[in-house]
Amino acid sequence: MLDQIALRAELADHYDLTPSTDIAEANAGLYARMERMVSPPDWAIHAPYVAAINKLKRDRNAVILAHNYMTPEIYHGIADVVGDSLQLAIEATKVEADVIVQCGVHFMAETAKILNPAKTVLIPDMEAGCSLAESITPAGIAEMRARYPGAPVVTYVNTSAAVKAASDICCTSSNAAQIVAAQESDTVIMTPDKYLAQNVARQVPGKRIVWWDGACIVHERFTAQDLREFRDWNPGTRIIAHPECPPDVVAEADFSGSTSGIIDYVERERPEKAILVTECSMASNISDALPDVEFVGPCNMCPYMKKITLEKVLWSLHTMQGAVEVDPAIAAPARVAVERMIALSQRPA
């Protein structure tokens, strides 16, 4: 666990992080991307960290990869690449910088390291885990293989390197149906998200999909009744759900897709009102680019994603602590599973 007191004392010795309207004004271009969601006083607090991080990135020859669930000051203020798990995995293969800082959760940093074994990969908080990733182990993969002999294992990228290494191919929510449909076997094992597997089964009826009993704590809390009541209360609102939600929730939605798919849909359709049935920062990060769309309704916060803060990013880059390592014996087969996914997902439709 990070020692917050020691962390702040170390940073205070090297940086002036006092809230500053001058630094806020000097970085007005960055603020323009998030001003709908971040108040001017909050930006005056964030701006000194943003300025220090962006300078330190250049000094360290570092690049910051940020997931769509990061808060706006990270997503718009310091990230070089933003996207969903597939986008970040693909971009990780193109990185030329010496250092990668992963603003996301631990399995994402592991994936970046798997694809860039010679680079330094940092995660600002080692405790930024994932309940879904923790629900499956290599032993669980072996159990599924024994239960369904010969069936290929398609594993969600929201898993540890060891689980990826025990699998045949990875998938993300944006390419899961494509990956499953491409498997030669009639039966396909999907791990660890049971709801993603059940939603993919509807899209690929020609396959018998069997699944591990795992779920995301953010998405499994939504219910179909919640959405029906919300639609009755606020008719005309476009309901957009992530496929990690239960199937009956997805069935109530007007559209279901990965985080990148959700962004593309909203940008294309421009509904007057929209509810994003996913993690809260999704709407926050796209609201300023879509001023004609009103984002309403409930969302759920991921406690793991929110462990990543500007303060921790600055500390990680300053100290070069938080380096993620993957045993080469695990990294090699895990890399095969991830690279198979990337190659297949980039084939023409």
Side-chain angles (χ1 to χ4, degrees), residues 61-63 65 67 81 83-123 126 128-130 132-176 178-180 182-185 188-193 196 212 214 320-347:
N61 189 24
V63 64
L65 308 184
H67 190 266
V81 177
D84 63 11
S85 296
L86 176 60
Q87 291 169 316
L88 295 183
I90 291 172
E91 291 303 318
T93 66
K94 304 175 184 178
V95 168
E96 295 182 357
D98 297 323
V99 178
I100 297 172
V101 182
Q102 178 64 67
C103 290
V105 290
H106 193 270
F107 75 78
M108 296 177 182
E110 275 194 333
T111 301
K113 183 64 177 180
I114 288 166
L115 296 171
N116 296 274
K119 296 184 184 297
T120 298
V121 176
L122 305 176
I123 186 164
M126 284 286 187
C130 172
L132 183 58
E134 291 167 3
S135 74
I136 183 72
T137 64
I141 298 290
E143 177 185 326
M144 293 296 284
R145 287 193 188 278
R147 195 179 304 169
Y148 304 100
V153 176
V154 176
T155 288
Y156 203 18
V157 291
N158 300 35
T159 48
S160 68
V163 168
K164 291 180 175 71
S167 307
D168 295 297
I169 189 169
C170 290
C171 74
T172 69
S173 54
S174 62
N175 64 19
Q178 178 187 11
I179 298 294
V180 168
Q183 303 308 301
E184 295 183 359
S185 174
V188 177
I189 298 167
M190 288 191 71
T191 68
D193 193 311
L196 177 65
W212 185 256
M320 294 300 290
Q321 294 189 40
V324 173
E325 301 294 342
V326 180
D327 184 335
I330 291 174
R335 187 178 306 114
V336 170
V338 174
E339 288 178 341
R340 283 174 177 164
M341 171 191 73
I342 293 173
L344 185 53
S345 67
Q346 292 181 326
R347 288 182 188 174

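If you read the sequence from its start, that first residue is 1, and numbering goes on from there.
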*Under the side-chain hydrogen bond (donor to acceptor under 3.5 Å, both in side chains) test, which residues partner Thr191, sequence neighbours left out?*
Thr155
*Nearest heavy-atom pair of Ala176 and Met190: which atoms, and what distance?*
CB-CE, 4.3 Å
*What residues form a salt bridge (Lys or Arg N to Asp or Glu O under 4.0 Å) with Glu143, not counting sequence neighbours?*
Arg147
*Among all residues two or more places apart in sequence or in another chain, which pass the side-chain hydrogen bond (donor to acceptor under 3.5 Å, both in side chains) test with Arg340?*
none
_Over all atoms of both residues, closest heavy-atom pair of Ile100 and Ala112_ = CG2-CB, 4.4 Å
*Output, in order, the C-alpha distance, side-chain angles, deciding distance and verdict of side chain to side chain contact (heavy atoms under 4.5 Å, CB included) for Met341 and Val157.*
CA-CA 10 Å; Met341 171 191 73; Val157 291; 3.7 Å; yes
*Can you tell me if Asn116 uses its side chain to pair, donor with acceptor, with the backbone of Ala92 under 3.5 Å?*
yes
*Are any non-hydrogen side-chain atoms of Gln183 and Ile179 less than 4.5 angstrom apart?*
yes
*Spatial distance of atom OG1 (Thr93) from atom CG (Leu88) [nearest 0.5 Å]*: 11.5 Å
*Please identify each residue that fulfils side chain to side chain contact (heavy atoms under 4.5 Å, CB included) with Ala334, with sequence neighbours left out.*
Ile114, Lys164, Ala165
*About how many Å separate CD of Glu110 and OG of Ser160, when rounded to the nearest 0.5 Å?*
6.0 Å
*Please report the shortest heavy-atom distance between Cys170 and Val338, naming the atom on each side.*
SG-CG2, 4.0 Å
*Non-neighbouring partners of Ser135 that pass side-chain hydrogen bond (donor to acceptor under 3.5 Å, both in side chains), sequence neighbours left out*: none
*Which heavy atom of Pro117 sits nearest a heavy atom of Leu115, and at what distance?*
CD-C, 3.5 Å
*Locate the shortest heavy-atom distance separating Ala128 from Gly104; write the atom from each residue and the value.*
CB-O, 3.8 Å
_Spacing of OG1 belonging to Thr159 relative to CD1 belonging to Ile141, to within rounding of 0.5 Å_ = 7.5 Å
*Would a distance-only check, ignoring hydrogens and angles, find a side-chain to backbone donor-acceptor pair under 3.5 Å from Lys113 to Lys119?*
yes
*Under 3.5 Å, side chain of Arg145 to main-chain N/O of Ile189, donor-acceptor pair present?*
no
*asked:* Tell me if a side-chain donor or acceptor on Gln87 pairs with a main-chain N or O of Asp84 at a distance below 3.5 Å.
replied: yes
*Once you round to the nearest 0.5 Å, how far does OH of Tyr156 lie from OG of Ser85?*
6.0 Å
_Qualifying residues under side chain to side chain contact (heavy atoms under 4.5 Å, CB included), relative to Asn61, sequence neighbours excluded_ = Ala97, Asp98
*Between atom CG of Asn175 and atom CD1 of Ile342, what is the distance when rounded to the nearest 0.5 Å?*
9.5 Å
*Step by step, would you call Met108 with Val105 a side chain to side chain contact (heavy atoms under 4.5 Å, CB included)?*
CA-CA 6 Å; Met108 296 177 182; Val105 290; 4.1 Å; yes
*Is there a donor-acceptor contact under 3.5 Å from the side chain of Gln178 to the main chain of Leu344?*
yes
*Where is the tightest heavy-atom contact between Ala109 and Gln102, given as atom of each residue plus distance?*
N-CG, 3.6 Å
*Please answer whether the main-chain N or O of Leu196 pairs with a side-chain N or O of Asp193 as donor and acceptor at a distance below 3.5 Å.*
yes
*asked:* Distance check, rounded to the nearest 0.5 Å: Glu339 atom CD versus Ile169 atom CD1?
replied: 11.5 Å
